[in-house]
Amino acid sequence: MASLNSDLIYEVLAVVDEIPKGKVATYGQIARLIGRDKNSRLVGKVLSISEYYGKYPCHRVVNHQGRLAPHWNEQKDLLIAEGVTFKSNGCVNLKLHQWDC
DNA sequence: AGACTGACGATCC
DNA sequence: GGGATCGCCAGTC
């Protein structure tokens, strides 16, 4: 079981749940919103266990490169289903779909 | 307590 | 613009 701080998990998932459909946010963006801009890696770790805590649109979270989770294969398909476009190299068009907060 | 790891970010080349 | 390297903070061993 993932033993991370409940507060951190709650904050991250709360922000992730606020991401509008068809938009994507970076880990750093979320980390900054919860007051932990340097802890972007923790955000990813929280998302890795998010499914254990509940249903959240964690597929709308990508890194600042527009790259998807390295240990996930459905994420790209889920985003495409929401209308998010990808570049030839498989990266998300952050320029078009990055969540403007 | 100490060292290694990581769903990242920024900078450098 | 893309790839490689260093740096951050917390978590896990």
Without decimals, in angstroms, what is the distance between [X] [atom1] and [N] [atom2]?
X       : N      : atom1 : atom2 : value
A/Gln65 : B/dA10 : CD    : C1'   : 11 Å
A/Asn63 : B/dG6  : CG    : P     : 16 Å
A/Leu8  : C/dG11 : CG    : C1'   : 10 Å
A/Leu94 : C/dG1  : CG    : C1'   : 14 Å
A/Ile9  : C/dA10 : CD1   : P     : 15 Å
A/Leu42 : B/dG9  : CG    : C1'   : 14 Å
A/His64 : B/dA10 : NE2   : P     : 6 Å
A/Leu13 : B/dA7  : CG    : C1'   : 13 Å

What are the two closest heavy atoms between [X] and [Y], and how far apart are they?
X       : Y        : result
A/Thr26 : A/Gln98  : CG2-NE2, 3.3 Å
A/Gln29 : A/Cys101 : NE2-CB, 4.0 Å
A/Val16 : A/Tyr56  : CG1-CB, 4.4 Å
A/Pro20 : A/Trp99  : CD-NE1, 3.2 Å
A/Gly22 : A/His97  : O-ND1, 3.3 Å
A/Lys87 : A/Asn93  : CG-OD1, 2.9 Å

- Does B/dA7 have OP1 or OP2 sitting under 4.0 Å from an N or O in the side chain of A/His71? yes
- Message: If you compare every side-chain N and O of A/Asn5 against the phosphate oxygens of C/dA10 (OP1, OP2), does one of them come in below 4.0 Å?
- Response: no
- The single option from A/Glu74, A/Glu82, A/Lys76, A/Gln75 passing side chain to side chain donor-acceptor pair (under 3.5 Å) against A/His59: A/Glu82
- Message: Under 4.0 Å, heavy atom to any atom of DNA chain B: which of residues 22-39 of chain A qualify?
- Response: A/Thr26, A/Tyr27, A/Gly28
- Query: Nearest of B/dA7, C/dG7, C/dG11 to any side-chain atom of A/Arg41?
  - Reply: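 Selected nucleotide (nearest to the side chain): C/dG7.
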- Query: So which nucleotide from B/dG9, C/dG11, C/dG2 ends up closest to the side chain of A/Ser40?
  - Reply: B/dG9
